[in-house]
Amino acid sequence: MARMTMVEAIRDAHDVAMARDDRVIVFGEDVGYFGGVFRCTAGLQKKYGKSRCFDTPISESGIVGTAIGMAAYGLRPCVEMQFADYMYPAYDQIVSEAARLRYRSAGEFTCPIVVRMPTGGGIFGGQTHSQSPEALFTHVAGLKTVVPSNPRDAKGLLLAAIDDPDPVIFLEPKRLYNGQFDGHYDKPIVSWKKSELSEVDEGYAPIPLGRAKLRREGRDVTILAYGTMVHVALAAVADSGIDGEVIDLRTLMPLDIDMITASVRKTGRCVVVHEATLTSGFGAELVALVQQECFWHLEAPVARVAGWDTPYPHAQEWHYFPGPPRIAKALQAVMEA
Amino acid sequence: MPDTQKLSFHVPDPGLRPGDTPDFSHVKIPQAGSVRRPEIDESPAEMRDLAFSIIRVLNRNGQAVGPWAGSLDTERLIEGLRHMMTLRIFDARMMTAQRQGKTSFYMQHLGEEAVSCAFRLALEPGDMNFPTYRQAGLLIASGYPMTQMMNQIYSNEADPLRGRQLPILYASQEHGFFTVSGNLATQFVQAVGWAMASAISGDSRIAAGWIGDGSTAENDFHAGMVFASTYRAPVVLNIVNNQWAISTFQGIAVGEAGTLAARGHGFGIPALRVDGNDYLAVHAVAKWAVARARRNLGPTVIEYVTYRAGGHSTSDDPAAYRPKEESAAWPLGDPILRLKTHLIEIGAWSEERHVQAEAQIRDEVIAAQKAAESIGTMHSGRQPSPREMFEDVYAEMPAHLIRQRHEVGY
Ligand SMILES: Cc1ncc(C[n+]2csc(CCOP(=O)(O)OP(=O)(O)O)c2C)c(N)n1
Ligand SMILES: [Mg+2]
């Protein structure tokens, strides 16, 4: 076991995957020589050569389109979008092609690719370095969507994603790359190495997709979160003194509905949290499922805390970000309902 | 089995990396004044050679030579020099301001000042640029107030973009500067649409699209070219080849054959390559292309051969991927130094005047900065209200946004 930052854990997952399987190919903008603008692929080109890890032209549709072609050939591409905000040129390739190859060819052709991308805000990146587009992927039949919240999961889930026979969208909360973050933006950054969650299993240790993780047991209310918001939710629980049960979904598709249902049936209350805009966000899906599965156990309406329905602003970042006070307020409201 | 050979995978490589000695001997640089100047209505098929050469006006001694010389009088050239000096000093101050935490982010133009500054002088009021983040010279050269630019960079209360947009992604209808997107290439094709609209409306205004070498790989670049070609849109399609796209050398976008300008040929668009560090050449070529557009002769592709002497942005350190001395070895020199040398050569300028001008411009920039900072910077002074976050999502604020705004307390 070694303690790693999220970036180091992602790098390690690539390294392990490339070492054990020659078919794993890694590419993207600035990914090769330099090792990615967030350094997630640093050292791979040197170790595995330019045929296994290389720089691409700035063309997201080209990156995903060629990845699909390689997958059809029999390789296992794991590609990077420099920011999730820049994946839109690739969206057609992802939605109309990657997601449907298996279905439309009756399994004649398949698409085992991973498309990694940094998501989320908290770095004053403005509207083009802060978006959380997960709902644009979970809405598409044929895609799997993963959002790790810590180094340990990032490594294990990425290994599983690379192994997966279907296309996986792997969303990396960039605010967590190099340190912990719980939404208290005015406090100093705490190193990952101080957290047990930075203890990464050595070698090949995949974490299966589709299983949520209980981050905190509690009796009063279930909080469903993923990525950065897991830590923000935990901070809100600590700040509010409400005995919240925090579930880290880890993969949005497939979703661990069993863990969610069991928890909400126990607590009778539920708050859903995400950083993405509220309307038609993944939270809407969660709320619908919770009311369908747990209606007779609910003591209060299910609440959502999310980004406002505006583009991600620059200067007003912390007014936009659904931080601990907003979650605590929702917890309070749900408890009083 | 037929004769088979094992295939191998090719990835272009810049060859020289940190620790290596820079070498630009592969960049073929024609003599200043040696490239011909066609009539603006010459058939595109007859001028294909211009996409493989480099149009230059200023020679090594600072003399303006050849058929492209003489597009600007001395007064305008001095003005141009001041624009470039202003942009460079402005950039230096804002780079420092970013390091001091007064803003989150900045991108400079170091070494590329001639491109946007000289191009602006070839346009008329009412023309529209669709710039990238590296063309602030268009604003400086059109007299946009520096304090406004800084208010935007600081996201303060007087920021014309109300704190919503990342620093330097300015917007000004009045100054012919379309709102800059953070997404690459998207605006290249929009410039073509603006130009098509002008033609549809029987107007006389033209548009200019802008794109970096790396970004020409995006679909929108090709969409822009095909629409411009099909509808013969009155647009100048500017490609700024500064050799680098963050850590990626231009060979990844261009491949190792041909030039970016030559991309125009596949679409039947005339394409010129110009020395982007030669203020006079940039202006002359821009003027030629603008005249073509204005005369309803259609689009022109211009590739500016230049060099990104600084880091990509304040988040980037080029020492990690290219030789340290590469910038100094760039064979086309420094645009400010070259124009200065020319003005001294023709007796219109002197070292003393240059030093004086530098001091005066520095004072102007500092005064603008003081004015902006008296309002506020990113984390101090007066900032835009959180209320602003909800405005302009739609023309009229829908009920759910009003509710959300109330939740924030505004
Ligand atoms: C669609 C999209 N993909 C990726 C990025 C990230 N990115 C920002 S600038 C840049 C390099 C652009 O290089 P170039 O076009 O050569 O322009 P330069 O920075 O050299 O002026 C990249 C990859 C982006 N902003 N938008
Ligand atoms: Mg470039």
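Quantities reported herein were computed from a predicted structural model and do not represent experimental measurements. We name chains A, B, ... by the order of the sequence lines, and we start the count at 1 in each one.
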For A:Glu60, is it the side chain, the backbone, both or neither that has a heavy atom under 4.5 Å from a heavy atom of chain B? both
Residue among A:Phe124, A:Tyr33, A:Phe83 with most heavy-atom pairs under 4.5 Å to chain B: A:Tyr33
Counting only heavy atoms not in B:Phe227, do more than 12 sit closer than 6.0 Å to its CZ atom? no
Looking only at non-hydrogen atoms, find the nearest pair between B:Pro386 and A:Gln316 and report the distance. CA-CG, 4.0 Å
side-chain contact (heavy atoms from CB on, under 4.5 Å) evaluation trace for A:Thr310 with B:Leu401: CA-CA 8 Å; A:Thr310 75; B:Leu401 276 184; 4.0 Å; yes
Give me the atom names and distance for the closest heavy-atom approach of B:Pro384 to A:Ala315. CG-CB, 4.2 Å
Please assess A:Thr279 against B:His400 for the test side chain to side chain donor-acceptor pair (under 3.5 Å), listing each intermediate value before the final yes or no. CA-CA 10 Å; A:Thr279 301; B:His400 75 285; 4.5 Å; no
Whether over 12 other heavy atoms sit under 6.0 Å from B:Tyr394 OH: no
Got A:Trp308 and B:Val408 here, is their nearest side-chain heavy-atom distance under 4.5 Å? yes
Could you tell me which non-hydrogen atom of B:Leu166 sits nearest to which non-hydrogen atom of A:His129, and how far apart they are? CD2-CE1, 3.6 Å
Pairwise distance CZ(B:Arg164) to OH(A:Tyr320) - rounded to 0.5 angstrom: 13.5 Å
Any residues in residues 149-162 of chain B near chain A, with a heavy-atom distance under 4.5 Å, and which are they? B:Ser155, B:Arg162
Residues in residues 317-324 of chain B that sit under 4.5 Å from chain A, counting heavy atoms only: B:Ala320, B:Tyr321
Quick one: of A:Ser51, A:Gly126, A:Pro311, who has the most non-hydrogen atom pairs under 4.5 Å with chain B? A:Ser51
Just by distance, with hydrogens left out, do A:Asp30 and B:Ser247 show a side-chain donor and acceptor under 3.5 Å apart? yes
Using heavy-atom distances under 4.5 Å, tell me whether B:Ser385 contacts chain A through its side chain, its backbone, both, or neither. backbone
Where on B:Pro14 is there a heavy atom nearer than 4.5 Å to chain A: the side chain, the backbone, both, or neither? neither
Are A:Asp55 and B:Val11 packed together at the side-chain level, in the sense that at least one heavy-atom pair is separated by less than 4.5 angstrom? no
Residues 321-337 of chain A: residues contacting chain B (heavy atom under 4.5 Å, by number): A:Lys329
In short, B:Ser104 meets A:His314 closest at the heavy-atom pair OG-NE2, 2.7 Å
Between B:Glu407, B:Gln404, B:Arg405, which has the largest tally of heavy atom pairs under 4.5 Å with chain A? B:Gln404
Are there residues of residues 375-383 of chain B whose heavy atoms fall under 4.5 Å of chain A's heavy atoms? If so, which? B:Met378, B:His379
Can you tell me if CD1 on B:Ile402 sees more than 12 non-hydrogen neighbours from other groups inside 6.0 Å? yes
Atom of B:Thr248, atom of A:Thr56 and distance for their closest heavy-atom approach: CG2-O, 4.4 Å
So, for B:Ile246 and A:Gln82, which heavy atoms are closest and what is the spacing to 0.1 Å? CD1-OE1, 3.5 Å
So what's closer than 4.5 Å to chain B heavy atoms on A:Phe54: side chain, backbone, both or neither? side chain
Between the main-chain N or O of A:Tyr86 and the side-chain N or O of B:Asn183, is there a donor-acceptor pair closer than 3.5 Å? no
A:Ile123, part contacting chain B, at a heavy-atom distance under 4.5 Å: neither
Would you check if B:Asp13 and A:Lys50 make a side-chain contact, meaning some heavy-atom pair closer than 4.5 Å? yes
The interface call for A:Ser61 against chain B, heavy-atom contacts under 4.5 Å, is side chain
Nearest 0.5 Å please: distance from the OG atom of A:Ser59 over to the CG atom of B:Asp220. 10.0 Å
